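The structure presented is a predicted model; accordingly, all values stated were derived computationally and were not measured. Chain identifiers are assigned alphabetically (A, B, ...) following the order of the sequence lines, protein sequences preceding nucleic acid strands; residue numbering begins at 1 within each chain.
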Amino acid sequence: MNSLFQDDVITISVASNPRFLTLIRCMVFNTALLLKFSEKISREIMLAVDEAITNVIKHSYNQCYEKEIIVSLHLKNDRLEIHIRDYGKKTDPSCIKSRDLNDIKPGGLGVFFIRKIMDHVEYDTSPEEGTLLKLIKYKTDCGPSPAGGHNGD
Amino acid sequence: MNSLFQDDVITISVASNPRFLTLIRCMVFNTALLLKFSEKISREIMLAVDEAITNVIKHSYNQCYEKEIIVSLHLKNDRLEIHIRDYGKKTDPSCIKSRDLNDIKPGGLGVFFIRKIMDHVEYDTSPEEGTLLKLIKYKTDCGPSPAGGHNGD
Amino acid sequence: MEIKVINSNNTAVFEITGEIDLYNSPQLRQQLTETINKGLKFILLDFSTVKYIDSSGLATLIEGLRKLNKVKGEIKLCCMNKNIRDVFEVSRLEDIFAIYNTREEALNDFKKD
Amino acid sequence: MEIKVINSNNTAVFEITGEIDLYNSPQLRQQLTETINKGLKFILLDFSTVKYIDSSGLATLIEGLRKLNKVKGEIKLCCMNKNIRDVFEVSRLEDIFAIYNTREEALNDFKKD
Ligand SMILES: Nc1ncnc2c1ncn2[C@@H]1O[C@H](COP(=O)(O)OP(=O)(O)O)[C@@H](O)[C@H]1O
Ligand SMILES: Nc1ncnc2c1ncn2[C@@H]1O[C@H](COP(=O)(O)OP(=O)(O)O)[C@@H](O)[C@H]1O
């Protein structure tokens, strides 16, 4: 792999309607494959992004389906960086936690998947309106060591 | 089907690099399926959009892979409207013609597919920079009669 | 997503096709609730043609499991492909749900009396 | 897209996997050219695992056809799924290309002497 991808950004703007999740998924999955992630990892990245957008719809936008979500895919040689921008309710990032897996209850798995799968998860609430969620997945051997991989989880 | 789709627009911004065609295709195919086009028609719409973007890359941008293409999908109850915006070389739309199918040669099939598949094909060169290509596919029984369907071809 | 429900005695088999996400899981929830309310206590979800499931789908299944536990019913899953199985494994729901390779094995294992 | 080429005598079978579009067709063109330049005149393209083809792919095939015609060679296609077949039908390339259901039928039909 050479530096072909250095500056490529793909941007998708879509309404906060769950029916569009499937479109974002195919986009993310195929982008990960383009970057030569394995099919298994590509599938996981797709799941993490699905969960993140599901949370934007549920929590930032309170199930209001007509708001805007902007997903941008940053194709780098050593990683895929995904930004999810919403203009909804902000939350203190320290309150966004996955639940204990031993506590079997509906809900609370989304954040678990996101943190389990991605190498870097950062909720940036500094924009005047809404939140910018930054997700990063490194190519094998390019990222932080496994021990430090699931940051802050 | 009710009026759920009346105002939905999905926008994708991508570099004019052929490697991203596959991403646009999965997006368009799945959007057509969401609108309840059949799998066969959805596949055809995907081909038409692929051909249109291929032409933007080849002719408007002269195979320069770092330019911007914006694809917007307008989901209407009676139709799918697809806008392809480029900022490259304009061409007199009357020069954009498909070739005679009996003349077997490489090339010249892209415009044929676009016009054959879509109900409405309009090259709008009025923007100051570049071209806006508007493609429309009507749901069965909502569009113009088959005779008038392949406009201007 | 499409669900075909096949009832016989007090058992229901759900043949689910497609993706189970935030968009589709309400439909699965409703179908589960209806079936349980009808008094069917043994529910088998056939995942042969399920292509995708996320936490919204998993939450719906856990809800169904809880409801059935209350009425001494059972929920079983079968015929998952590797990708779906991975999601259950990672979330450690493999231990919570009774997962079978074939429909027959699952059906034979319902603890009816 | 991936191409596996299997050569035997003056025949080459291309096993193509994936999508043939503006991005991938240069690779197919190169493979065809190399094969023809090596002197192989009978080329069979096995489309079993081709998921998509657009006009860039078709143009590449027509180019190959022309090159082979010049050297009295032949190009044949086999094992297309319905979606791919539709593209050949609509563009009326069905009549130009020799299309077979199976690899065996195609191989047996090369007009070698
Ligand atoms: N984008 C978000 N904005 C605000 N709060 C969030 C967001 N994502 C997650 N949360 C919080 O984190 C909790 C855990 O999220 P998650 O694991 O996805 O489970 P669930 O959404 O099913 O509750 C949520 O209940 C919510 O309080
Ligand atoms: N977006 C475009 N901008 C400028 N010219 C175009 C565009 N699309 C098509 N054309 C013109 O129409 C012709 C036919 O296009 P097409 O059928 O796609 O075949 P090909 O691109 O293989 O020549 C092209 O050769 C070109 O001259």
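- The line from CZ of A/R19 to CG of B/N30 is 14.0 Å long, rounded to the nearest 0.5 Å.
- Rounding to the nearest 0.5 Å gives a distance of 7.5 Å between CZ of B/F20 and OG1 of A/T31.
- Counted within 6.0 Å of NZ on A/K97, heavy atoms from surrounding residues, nucleotides or ligands total 12 or fewer; the atom is thus considered open.
- At most 12 non-hydrogen atoms from other residues, nucleotides or ligands lie less than 6.0 angstrom from CD of B/E66.
- Interatomic distance, OG1 of A/T22 versus CG of B/L34, reported as 7.0 Å (0.5 Å rounding).
- Of the two parts of B/V9, only the backbone, made up of N, CA, C and O, holds a non-hydrogen atom closer than 4.5 Å to a non-hydrogen atom of chain A.
- From B/I12, atom CD1 reaches atom CD1 of A/I10 across 10.0 Å, with rounding to the nearest 0.5 Å.
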